[in-house]
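As the structure lists them, so they are numbered: ligands from 1, and atoms in each ligand from 1.
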Amino acid sequence: MTAVATPPTESRLSTAPRLNLIGGQWVDGLGSTVRRLVNPADSTQLLASVREASAAQVDEACAAAHKAYLTWRAVPAPDRARVLFKFRELLEANYLDLARSVVRENGKLLCEAKGSVRRGIDVVEFACGIPSQLMGQVLPDVSRDVDSYVLREPLGVVVGIPPFNFPAMIPLWMMPIAVACGNAFLLKPAEKAPLTATRLVELFAEAGLPSGLVGVLQGGKEVSERLIVHSHVQAISFVGSSAVAESVYRTAAQHGKRVQALGGAKNHLVVMPDADLQRSMQALIGSCFGCAGQRCLAGSVVVAVGNREQQDAVVNGFVNAARELVPGDGLDESATLCPVLSLEQRQRIHDCIDRGVKEGAKLLLDGRGLVVPSRPHGAFVGPTVFDHTTPDMFIGREEVFGPVVSILRAKDLDEAIALTNRSRYGNSASLFTRSGAAAREFRARIQAGMLGLNLGVPAPMANFSFGGWKGSFFGDLNAHGPDAVAFYTRKKVVTERWFGAEAPKDGWV
Ligand code: NAD
């Protein structure tokens with residue numbers, strides 16, 4: 001195996017011009033679009049200008065990946081796993097740099113960024129166990145002298161298209177398992193935050209992959225679309241907004257590709273009157289305002305259950321705790337609320353808040369116009385809370401993807417479940433209660449793929465699979481865990497006969 005060349009620049013996390021990995025070489029993009037990336041905490045600080053890959057470069061990367069796959073698929077699974085172990089070592093050695101890179105291009109608090117890189121490493125560790133994961137099923141003697149067994153084989157070239165909000169973690173949901181299963185992998189990083197993901201591929205290549213087996217193609221919609229329909233590409237792992245997820249799912253399926261497309265969310269946090277409010281508040285605030293609300297498991301609707309007084313206790317406690325958040329640069333250890341991705345995202349979120357006001361929801365806490373004196377050019381939005389929203393209002397219905405929360409009020413659990421299930425999304429939902437009976441009912445009736453009980457961010461660990469229901473997911477097999485192994489492989493059932501000696505009348509000794 002030949003390791004691929006590394007990019008020839010010093011500061012690859014921020015300013016490297018050669019950000020496309022094609023056929024084992026780091027090259028400049030040759031497309032027509034150039035994107036300027038700035039620090040979310042300080043929009044005057046340019047991180048990089050990234051030129052996207054051209055159509056010819058996409059084709060070249062696909063051909064190289066296909067060629068590399070033909071040899072990689074024959075590498076024994078334990079040897080493939082050894083490369084994953086090496087990759088894990090490199091990730092650990094670069095852990096802090098990667099987390100800082102996430103802060104710089106995405107804005108997260110350093111603790112949040114570290115957590116996200118750790119979650120990604122967890123998936124690499126899962127992929128290190130690929131020999132066990134790939135073990136098939138066998139039934140000897142399905143008939144006389146006949147045995148049957150199932151083999152799992154790789155697909156070929158697979159493509160990963162992640163969103164901007166987890167620049168390390170989501171590429172790591174995809175790439176390690178795809179490659180461990182014997183596939184080639186092409187990453188099209190999110191054009192709004194592509195630098196950390198590119199660095200991950202660089203480290204993976206350094207771990208000892210054959211040249212061309214992994215690649216990076218910078219770009220947005222056009223590059224994605226060319227990859228999705230490319231004849232060498234067998235499968236697409238997509239994570240992003242629901243509208244795009246659905247369109248990627250349809251296009252990919254029409255072209256006969258395997259596809260998993262994870263979409264957006266509107267997650268409900270239901271707080272029962274018997275909840276331990278004091279201890280639950282941290283989970284509620286963390287869920288709604290952690291990562292500035294820019295995550296698919298972020299709480300976005302708080303459902304306060306009970307009589308008027310009980311509902312008010314939840315609402316007042318929540319608003320008071322939200323007021324305590326300290327916005328700041330993700331590298332500033334005293335900050336507890338990070339900026340959103342960009343000034344464009346800030347404007348989009350402001351527009352959503354304006355819309356909530358126009359719809360008649362009661363704005364209890366307004367995050368518009370927030371300026372952080374030490375970071376006057378940062379894309380900050382303060383915690384925002386609307387009371388008396390309804391599931392029909394835009395603000396109560398649609399994903400805002402920012403630190404904006406709508407309160408719904410319900411008289412009992414039955415009404416709270418009905419309100420939650422009206423959402424067209426079904427990524428996650430959480431219940432806060434001391435009642436086992438309420439928890440069981442919630443678990444049975446709620447229409448969402450990931451549930452939390454007294455937990456605000458019910459993210460499944462790497463050895464479980466991750467995915468929502470309804471408008472939050474398009475496909476059959478979820479991300480990471482056992483579903484990912486199934487997604488990145490196809491089954492072959494072998495039925496074989498070896499003519500043997502006849503068994504003695506009394507059976508073998
Ligand atoms: P997005 O949909 O704008 O972009 C996601 C990716 O798709 C990017 O790489 C982008 O370049 C590409 N893309 C854009 N338009 C495309 C098109 N027409 N065809 C093919 N590819 C296209 O999402 P975003 O703004 O980067 O990320 C935020 C969204 O991601 C939110 O909706 C959030 O809920 C969702 N998200 C979901 C999960 C999950 O697990 N369900 C996880 C993280 C984020």
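In this pair, Tyr69 and His66 present their aromatic rings tilted. The plane angle is within the 30 to 60° band. Under the 30°/60° scheme for interplanar angles, the aromatic rings of His480 and Trp173 are found to stand perpendicular.
Set against the non-hydrogen atoms of Ile170, the atoms of ligand 1 under 4.0 Å away are 42 (C), 43 (C). Close contacts between ligand 1 and Ile161 involve ligand atoms 6 (C), 7 (O), 9 (O), 12 (C) [criterion: under 4.0 Å to a heavy atom]. The ligand atoms of ligand 1 that sit less than 4.0 angstrom from a heavy atom of Phe238 are 5 (C), 6 (C), 7 (O). Listed by number with element, the atoms of ligand 1 under 4.0 Å from a non-hydrogen atom of Asn165 are 43 (C), 44 (C).
Only backbone heavy atoms of Pro162 (N, CA, C or O) come within less than 4.0 Å of ligand 1; its side chain stays farther off.
For ligand 1, the polar-atom distance check against Cys296 finds no nitrogen or oxygen pair separated by under 3.5 Å. Taking any N or O of Ser242, backbone or side chain, none lies under 3.5 Å from an N or O belonging to ligand 1. In terms of polar-atom proximity, Trp173 is not counted as a contact of ligand 1, lacking any N or O under 3.5 Å from an N or O of the ligand. On a distance-only criterion, Lys221 and ligand 1 share no N/O pair closer than 3.5 Å. Taking only nitrogen or oxygen atoms, main chain and side chain alike, Ser241 reaches within less than 3.5 Å of ligand 1. The shortest N or O to N or O distance between Lys192 and ligand 1 is under 3.5 Å.
The nearest heavy-atom contact from the protein to atom 24 (P) of ligand 1 is Phe164 CD2, 3.6 Å. The closest protein non-hydrogen atom to atom 35 (C) of ligand 1 is Gly240 O, 3.1 Å. Atom 14 (C) of ligand 1 has as its closest protein heavy atom Val244 CG1, 4.0 Å. Scanning the protein for heavy atoms near atom 34 (O) of ligand 1, the closest one is Glu399 OE2, 2.5 Å.
The 12-atom threshold is exceeded at CD of Glu92, counting heavy atoms of other residues, nucleotides or ligands nearer than 6.0 Å.
Geometrically, Lys188 does not engage Phe238 in a cation-pi contact defined by less than 6.0 Å to the ring centre and at most 45° from the axis. For the pair Arg118 and Tyr95, the cation-pi criterion (under 6.0 Å, within 45° of the ring axis) is fulfilled.
The closest non-hydrogen atom to atom 27 (O) of ligand 1, taken over Gly449, Pro163, Ala245, comes from Pro163. Here the shortest heavy-atom distance to atom 37 (C) of ligand 1, taken over Gly263, Pro194, Gly264, Ser247, belongs to Gly263.
The ring pair (Phe, Tyr, Trp, His ring centres under 6.0 Å) contacts involving residues 30-55 comprise nothing, where partners must be two or more places apart or lie in separate chains.
The existence of a salt bridge linking Arg226 and Glu222 is excluded, since no basic side-chain nitrogen approaches an acidic carboxylate oxygen closer than 4.0 Å.
Note that atom 40 (O) of ligand 1 has protein non-hydrogen atoms nearby, at separations under 4.0 angstrom.
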